[in-house]
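Structure, as structure tokens:
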Amino acid sequence: MGKRGYFDWDPIAADDAAIRSALACANGPVMLASLVHLTGDPGLLRGDIRIDPGRARDLQRGMSEEHRAEVRRMAFEALKTYRDSGCPSPARLDGAALREILRFMTGQDPGDDYVRFLIEESGFEGDDAYGPVGFEGVPENARRDFRAVVVGAGMSGLLAGYRLKQAGLSFTIVERSAEVGGTWLDNAYPGCRVDSPSHVFEYSFARHDWPQYYCSQPVLRDYFARCATEFGLRPHIRFEHEVEEADYDEARALWTVRIRDRRGAVDTLEANALICAVGQLNQPRLPDIEGLGDFDGPAFHSARWDASLDLDGKRVAVIGAGASAMQLVPEVARRAGEVRVFQRTPPWIYPAPNYRDSVPEGEHWLIDHVPYYARWYHFLLFWLDGEGLYASVTKDRAWAHQDRSVSEANEALRTFLIDSIEKETGGDRDLVDASIPPYPPCGKRLLVDDGAWYRTLTRDDVRLITDPIERITPRGVRTGDGVEHAVDVMVYATGFHASRFLWPMRIRGRGGRDIREHWGDDPRAYLGIAVPGYPNLFCLYGPNTNIVVTGSTIFFSECGVRYIMGCIKLLLETGRRSLECRRDVHDAYNAVIDEGNLRVAWGAPNVRSWYKNKAGRVTQNWPFKLLEYWARTKNPNAADFHFR
């Protein structure tokens with residue numbers, strides 16, 4: 001894999017037939033954008049070839065087959081010329097040309113701010129958009145003497161380690177498991193896979209030729225393991241060690257971090273900065289059901305899957321109908337004798353016909369060889385999976401049907417999703433009714449599937465049970481209608497303690513105040529990163545940085561790590577020992593976040609979800625476009641902090 005970005009492509013040596021064969025797999029809008037780069041001619045966008053911006057999440061953007069054939073014809077001639085001339089690097093396009101490409105692909109004028117965002121985030125100016133900047137001006141001994149402890153070697157922890165290493169800082173990553181990967185190590189249940197397109201679920205500096213459009217857990221696990229190895233992070237990781245507590249010493253401006261290994265041996269680390277990258281989905285949550293421990297057979301959470309268990313012919317109960325259940329039930333049903341799914345609330349599921357498909361060889365070739373193809377493909381997915389859906393989740397206060405949707409656009413999405421349910425269930429009215437959520441689309445995470453979930457529910461050996469569970473019995477599950485459902489295996493697909501940020505660690509800041517007591521049921525942080533009263537403590541995937549429809553969590557982590565590196569640079573440049581977010585800045589920011597979450601579907605009052613605390617406040621999610629988080633985290637403002 002190595003360090004490969006979106007502007008690294010291989011020269012073309014293929015013959016004409018191979019080029020034609022690869023172009024059969026081309027995405028029309030992406031290929032046309034790449035041709036503008038290859039030829040330097042934005043006029044290609046001004047002809048008859050058009051897209052339909054109303055085609056939500058359609059990768060071809062409604063481009064007709066006739067127009068796609070014309071794009072392939074032009075591409076074949078351009079790629080032959082490019083090959084035969086020795087594959088020279090195309091000239092860079094100016095902002096006006098890039099804006100024209102954006103307008104073509106999105107069907108709207110994105111505005112100056114978004115053009116600047118694209119140019120910088122995409123690296124069109126040639127720089128690492130998220131890399132640490134300015135550390136070369138800090139004396140080497142000062143960088144070496146600055147020590148950071150990173151908690152967790154999942155996606156965000158490895159990213160933090162990579163950037164710290166780039167900057168020449170000393171760091172240790174503490175990981176409780178024996179391997180890296182975080183959630184992609186823990187969740188090994190059958191069918192587990194990413195629900196964002198694989199080509200946006202990757203580090204900006206480590207582009208990968210993904211084998212599937214939505215890669216499975218083993219592929220993601222191996223990707224992060226290879227990153228840890230190839231970027232030299234493993235020597236910095238303390239595997240099979242768990243952080244028990246961390247205390248801030250005000251006099252010395254240091255964090256003292258107590259860690260324990262699996263044998264019980266205790267060690268202590270000291271750090272100038274403590275970076276918590278433990279994620280939100282790392283503590284499995286079992287349901288609050290009477291008799292939970294009474295079942296006589298094997299029972300486990302989906303995140304603690306028992307791979308040694310033979311399910312062939314078994315009667316399996318799956319409690320829960322969220323993302324994990326949607327992925328594992330079709331796989332389990334292939335082996336089990338009978339599956340009973342106990343559903344409290346159905347999910348909204350967006351149809352993605354390629355959800356389980358492999359990426360064809362021709363598409364791999366285009367990504368690897370056509371200049372800028374990987375970059376524009378990434379952008380198209382980024383837009384369709386994020387910013388392009390934002391209008392569909394924004395609340396219209398004048399909309400009359402707030403109980404089922406939040407706007408006309410949201411209602412159109414609802415109609416589209418219901419049509420998909422009816423198609424995949426064969427119109428089974430009872431099953432359709434049981435599968436329509438009682439809340440607006442995107443009130444919870446919009447899941448992605450190719451219809452396998454609904455089709456599985458139509459099988460004779462699978463039952464969807466919507467009666468409330470009364471209790472767990474030694475033989476199985478008893479529901480409110482008095483029926484006892486006897487099973488052999490019990491699987492709890494019931495999610496995580498997402499609101500228990502930094503749990504079970506004890507982190508004590510100024511004055512010895514425990515952050516869990518400080519937060520209680522209402523975790524808050526400035527930008528999801530900094531907390532008043534806790535100097536030099538930084539969170540990744542912290543409060544209000546989760547997403548519902550707006551893109552990939554890796555984007556948020558890259559922004560967050562860039563911001564943290566900027567904070568560390570402020571300390572080193574000024575010679576200060578600590579910085580702490582000002583309370584007034586923190587409170588004003590959170591007021592904006594709370595107001596923003598009231599204007600989107602997941603903040604609707606009739607939505608019950610793990611996004612909200614007991615008071616109904618959304619503690620998990622970012623309510624705005626990706627552009628705004630990018631802008632807010634681009635450079636830390638020294639005025640936002642107290643320095644000591």
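Below, each value reflects all heavy atoms present in this structure, side chains not excepted, and no hydrogens, waters or symmetry copies.
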- [ ] Identify, with sequence neighbours excluded, every residue that meets ring-ring contact (aromatic ring centres under 6.0 Å, His included) alongside Trp255.
- [x] Tyr248
TODO: Work out which heavy atom in Leu292 is nearest to a heavy atom in Pro287; give both atom names and the distance.
DONE: CD2-O, 3.7 Å
Open item on the list: Just checking Asp312: does its CG atom have more than 12 heavy atoms from other residues, nucleotides or ligands closer to it than 6.0 angstrom?
Closed with: yes
TODO: Could you pull out all residues at least two apart from Ser177 that satisfy side-chain hydrogen bond (donor to acceptor under 3.5 Å, both in side chains)?
DONE: Glu175
- [ ] Could you tell me whether Arg471 and Glu290 have a side-chain N and a carboxylate O separated by less than 4.0 Å?
- [x] yes
TODO: Apply side-chain hydrogen bond (donor to acceptor under 3.5 Å, both in side chains) to Arg344 and list each qualifying residue two or more places apart in sequence or on a separate chain.
DONE: none
Task: Pair Phe555 and Phe382, ring centroids less than 6.0 Å apart - done: yes
TODO: Sequence neighbours left out, what passes side-chain hydrogen bond (donor to acceptor under 3.5 Å, both in side chains) with Trp210? Give chain and number order.
DONE: Glu202
Open item on the list: Counting neighbours of CZ on Arg455 that are heavy atoms of other residues, nucleotides or ligands and sit closer than 6.0 Å, is the number greater than 12?
Closed with: yes
Open item on the list: Please list all pairs meeting ring pair (Phe, Tyr, Trp, His ring centres under 6.0 Å) that have one or both residues in residues 461-481, counting only residues at least two apart or in different chains.
Closed with: none
Open item on the list: Angle between ring planes, Phe416 versus Tyr350, binned at 30° and 60°: parallel, tilted or perpendicular?
Closed with: tilted
Open item on the list: Does anything in residues 150-162 form a salt bridge (Lys or Arg N to Asp or Glu O under 4.0 Å)? List the pairs, not counting sequence neighbours.
Closed with: none
- [ ] Provide the full list of ring pair (Phe, Tyr, Trp, His ring centres under 6.0 Å) pairs with a residue in residues 318-343, sequence neighbours left out, each pair given once.
- [x] Phe342-His485
Open item on the list: Give me the atom names and distance for the closest heavy-atom approach of Ser198 to Cys215.
Closed with: OG-N, 2.8 Å
Task: Summary of ring pair (Phe, Tyr, Trp, His ring centres under 6.0 Å) pairs that have at least one residue in residues 292-321, sequence neighbours excluded - done: Phe300-Trp305, His301-Phe496
Task: Student check: side-chain heavy atoms of Ser156 and Val561 closer than 4.5 Å - done: no
Open item on the list: Measuring centre to centre across the rings, with the benzene-like ring taken for any Trp, is Tyr162 within less than 6.0 Å of Phe171?
Closed with: no
- [ ] Please name all residues satisfying side-chain hydrogen bond (donor to acceptor under 3.5 Å, both in side chains) with Asp247, sequence neighbours left out, ordered by chain then number.
- [x] Arg508
Open item on the list: Could you work out, with salt bridge (charged side-chain N to carboxylate O under 4.0 Å, His left out) as the rule, every residue matching Asp461, not counting sequence neighbours?
Closed with: Arg459
Open item on the list: As an exercise, state the distance from CG of Asp433 to CG of Asp428, rounded to the nearest 0.5 Å.
Closed with: 9.0 Å
Task: Partners passing ring-ring contact (aromatic ring centres under 6.0 Å, His included) against Tyr629 (at least two apart in sequence or in another chain) - done: Phe556, Trp622
Task: Inter-residue atom distance Leu431.CG - Thr466.OG1, 0.5 Å rounding - done: 10.5 Å
TODO: For the residue pair Asn546 and Tyr541, confirm or rule out a side-chain donor-acceptor distance under 3.5 Å.
DONE: yes
- [ ] With rounding to the nearest 0.5 Å, note down the distance linking CD1 in Ile349 to CG in Asp450.
- [x] 10.0 Å
- [ ] Applying side-chain contact (heavy atoms from CB on, under 4.5 Å), name anything that partners Arg262, two or more places apart in sequence or on another chain.
- [x] Glu240
